[in-house]
Amino acid sequence: MVVFVGVNELLSMVRARGPETFISGLVDYVEHDFRRWTAFDKTPRIASHSDIGVIELMPTSDGKLYGFKFVNGHPINPKTGRLTVTAFGALADVKTGYPMLISEMTLLTALRTAATSAMAARALARPDSRTMGLVGNGSQSEFQAHAFKALLGIDRIAIFDIDPAAMDKFEANMAGSGISIRRAKSAADAADGADIVTTVTADKTNATILRDGDVGPGTHLNAVGGDCPGKTELDAAILENASVFVEYTEQSRIEGEIQQMDKDFAVTELWKVLSGKAKGRTSRDEITVFDSVGFAIEDFSALRYLHDSLSGKRRTLDLIPDLDNPKNLFGLLSIEKATLVA
C-alpha cells in the first residue's frame with residue numbers, strides 16, 4: 001500500500017495550520033534543499049508543447065529519495081471551467097524503488113511556488129520591504145500575498161489585472177488578512193513605489209507587462225509568469241539594468257525571462273546565494289530580479305515536507321502487489337482464480 005494525499009487531505013492540513021504557517025514550514029524544506037543543491041540530479045523539465053498548452057514531467061533525486069511531478073499549463077482552460085494548471089506527483093525510496101507517497105500537486109504547486117518566491121525575496125529584497133505590486137490576480141495571486149506577508153511582513157499590496165473580476169476575487173479572498181489592498185489602474189501603477197513587484201500572468205505570449213521605466217531603484221522583481229518558451233513578462237531592458245537570479249540556468253534560458261537575452265547573459269543561481277557561495281543584493285538602489293520558472297527540487301521539497309507532516313490515519317492506494325514470493329507475480333492470477341471459484 002502506498003500513502004495517498006488527495007485534495008481533501010491537503011486542504012484539511014492547510015486549513016488546520018493556516019496558509020501562512022504551512023507556507024513558512026514549506027520554505028524551511030525548500031531552503032534546506034537549495035543549500036544542498038549539489039546533492040541532486042538536475043535536468044530541465046521534460047516538456048511536450050502544443051499550440052494551446054504544455055504537459056511536463058519534472059524529476060529529481062538526492063540519491064536517497066526520488067521525486068517527480070506531472071504538470072500541465074493550459075491558459076485557455078478557464079474558458080471551459082477548468083484550471084490552467086493541474087498536477088500530481090510521487091516520492092519514492094531510491095534503495096528499493098518503491099513509491100512512498102502519491103499526492104495531488106495542483107494546490108501543493110501553488111503553495112511551493114509562493115514559498116519559493118518569498119524565500120528568494122527574503123534573500124534578495126531590501127530587508128525593510130513592506131509594499132508589493134501584484135500584477136496578475138489569477139490562481140497564484142493569493143498564495144503569493146500570504147507567503148510575502150508571512151516571510152517579509154508585507155502589509156500593503158497594489159493589485160492589477162486586465163480582468164476586473166480577478167481583482168474582485170482577490171479582494172474577497174484576502175478579506176481579513178491584515179493586508180491593505182489598493183486597486184491599481186495599470187501594471188505600471190501597481191509597480192509605482194513598490195518595494196517588491198510580483199508578475200504572475202497566465203497568457204502564453206511574449207508580453208511586456210512592465211517596461212524599464214516602470215521599475216524604480218531598489219525594487220525586487222519576482223517574475224513568476226514567464227515559465228515556458230515563448231512566454232515572458234518583462235522588458236528586456238529591465239534585465240539588462242538588474243542583477244538576475246534563477247533556479248537552474250539551463251532550464252531558465254529555455255523558459256524564463258532570460259530566454260530574451262544572449263546565451264552569455266550573466267545570471268546567478270539562487271542556491272549559491274542561499275549557501276553563501278555568491279552575493280545577492282549589494283546595494284539599496286540595486287534592482288534584483290528572481291526569474292522563477294519552477295524547478296523539480298522545489299517539488300521534491302514539497303513532497304518531502306508533505307510526507308513528513310502526515311500524522312494519524314493515512315489513506316492508501318493498492319498500487320504495489322504484496323507477494324509472499326516476490327518472484328511469482330503470475331501467481332497472483334492463480335490466487336484470484338482460486339478465490340473466484342471458491
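Expressed to the nearest 0.5 Å, how far NZ of K279 lies from OG1 of T268 amounts to 11.5 Å. In this structure, L270 CG and E31 CD are separated by 8.5 Å, a value rounded to the nearest 0.5 Å. Taking CD1 from I297 and OG from S61, the interatomic distance works out to 10.5 Å, rounded to the nearest 0.5 Å. Remark: I320 CD1 to T96 OG1 distance equals 9.0 Å, nearest 0.5 Å. Atom-to-atom distance recorded for L10:CG and L107:CG is 4.5 Å, nearest 0.5 angstrom. Note that NE2 of H146 is 9.5 Å distant from OG of S141, once rounded to the nearest 0.5 Å.
R314 CZ: more than 12 foreign heavy atoms inside a 6.0 Å radius. Around atom CG of N325, more than 12 heavy atoms belonging to other residues, nucleotides or ligands sit under 6.0 Å away.
Closest non-hydrogen pair, T43 versus Q251, comes out as O-OE1, 4.3 Å. Nearest heavy-atom pair across E298 and E247 is OE2-OE2, 2.6 Å. The two residues A125 and L152 come nearest to each other via the heavy atoms CB-CD2, 4.3 Å. V293 and G256 get closest at one heavy-atom pair: CG1-CA, 3.4 Å. Nearest heavy-atom pair, G136 versus V200, reported as atom, atom and distance to 0.1 Å: O-CG1, 3.3 Å. Annotation for P75 and I52: closest pair CD-O, 3.8 Å, computed over non-hydrogen atoms.
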(message) Checking H307 against V5 for the side chain to side chain contact (heavy atoms under 4.5 Å, CB included) test, could you report, in this order, the C-alpha distance in whole Å, the side-chain angles of both residues, the deciding distance, and whether it holds?
(response) CA-CA 9 Å; H307 181 267; V5 175; over 6 Å; no

(request) Check step by step if side chain to side chain contact (heavy atoms under 4.5 Å, CB included) holds for R315 and E9. (result) CA-CA 9 Å; R315 189 145 63 116; E9 286 92 349; 2.5 Å; yes

(request) Before giving the answer on salt bridge (charged side-chain N to carboxylate O under 4.0 Å, His left out), spell out for E255 and R45 the whole-Å C-alpha distance, their side-chain angles and the decisive distance to 0.1 Å. (result) CA-CA 10 Å; E255 301 184 337; R45 53 184 148 211; 2.7 Å; yes

(request) Before giving the answer on side chain to side chain contact (heavy atoms under 4.5 Å, CB included), spell out for S309 and M13 the whole-Å C-alpha distance, their side-chain angles and the decisive distance to 0.1 Å. (result) CA-CA 9 Å; S309 299; M13 291 176 65; 3.6 Å; yes

(request) Run the numbers on L274 and M119 for side chain to side chain contact (heavy atoms under 4.5 Å, CB included), then give the verdict. (result) CA-CA 9 Å; L274 296 175; M119 177 189 74; 3.8 Å; yes

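Within the 4.5 Å cutoff, side-chain heavy atoms of N241 are placed close to those of D212. Using a 4.5 Å heavy-atom threshold, the side chains of W271 and Y248 count as separate. The shortest distance between side-chain heavy atoms of I179 and D155 does not fall below 4.5 Å. The shortest distance between side-chain heavy atoms of E142 and M174 falls below 4.5 Å. The side-chain heavy atoms of L310 and L101, taken from C-beta on, include a pair separated by under 4.5 Å. Side chains of R156 and R182 form no contact here, defined as non-hydrogen atoms less than 4.5 Å apart. At a threshold of 4.5 Å between non-hydrogen side-chain atoms, the residues F148 and I157 do not count as touching. Looking at heavy atoms from C-beta onward, L210 lies in side-chain contact with L221 at the 4.5 angstrom threshold.
When atom types are taken as modelled, the side chain of E233 and the backbone of A223 share no donor-acceptor pair closer than 3.5 angstrom. The closest donor-acceptor contact from the side chain of T60 to the backbone of K42 lies at 3.5 Å or more, if one exists at all. Remark: side-chain polar atoms of K169 are paired, donor with acceptor, to backbone N or O of N137 under 3.5 angstrom. A distance-only check finds no donor-acceptor pair linking the side chain of R17 to the backbone of I23 [under 3.5 Å]. Panel note: side chain D235, backbone A237; a donor-acceptor pair is recorded below 3.5 Å.
Between the side chains of Q259 and T232, no donor-acceptor pair is found at a separation under 3.5 Å. Side-chain contact of N72 with T86: a donor-acceptor pair under 3.5 Å is present, judged by distance alone. The closest side-chain donor-acceptor pair between S252 and D291, if any, does not fall under 3.5 angstrom. Checking K149 against S177 by side-chain atom types alone, no donor-acceptor pair falls below 3.5 Å. Using modelled atom types and a 3.5 Å distance limit, the side chains of S243 and E286 yield a donor-acceptor pair. A donor atom on one side chain and an acceptor atom on the other are not found under 3.5 Å apart for T84 and N77.
Cluster annotation: V273 and F40 are assigned to the same hydrophobic cluster (Ile/Leu/Val/Met/Phe/Trp/Tyr, side-chain heavy-atom contacts under 4.5 Å, transitive). V3 and L11 fall within a single hydrophobic cluster, where Ile, Leu, Val, Met, Phe, Trp and Tyr side chains are chained together by heavy-atom contacts under 4.5 Å. Cluster membership check: I154 shares its hydrophobic cluster with M167, using side-chain heavy-atom separations under 4.5 Å among Ile, Leu, Val, Met, Phe, Trp and Tyr. By the rule that hydrophobic residues join a cluster once side-chain heavy atoms approach within less than 4.5 Å of another member, Y98 and F300 end up as members of separate clusters. Hydrophobic clustering keeps Y66 apart from L306 (ILVMFWY residues linked when any side-chain heavy atoms are closer than 4.5 Å, directly or through intermediates).
Between D128 and R284, at least one side-chain N (NZ, or NE/NH1/NH2) sits under 4.0 Å from a carboxylate O, which counts as a salt bridge. A salt bridge links R112 to D299: at least one charged side-chain nitrogen sits closer than 4.0 Å to a carboxylate oxygen. Between R183 and D168, at least one side-chain N (NZ, or NE/NH1/NH2) sits under 4.0 Å from a carboxylate O, which counts as a salt bridge.
Less than 6.0 angstrom separates the ring centroid of W37 from the ring centroid of F295.
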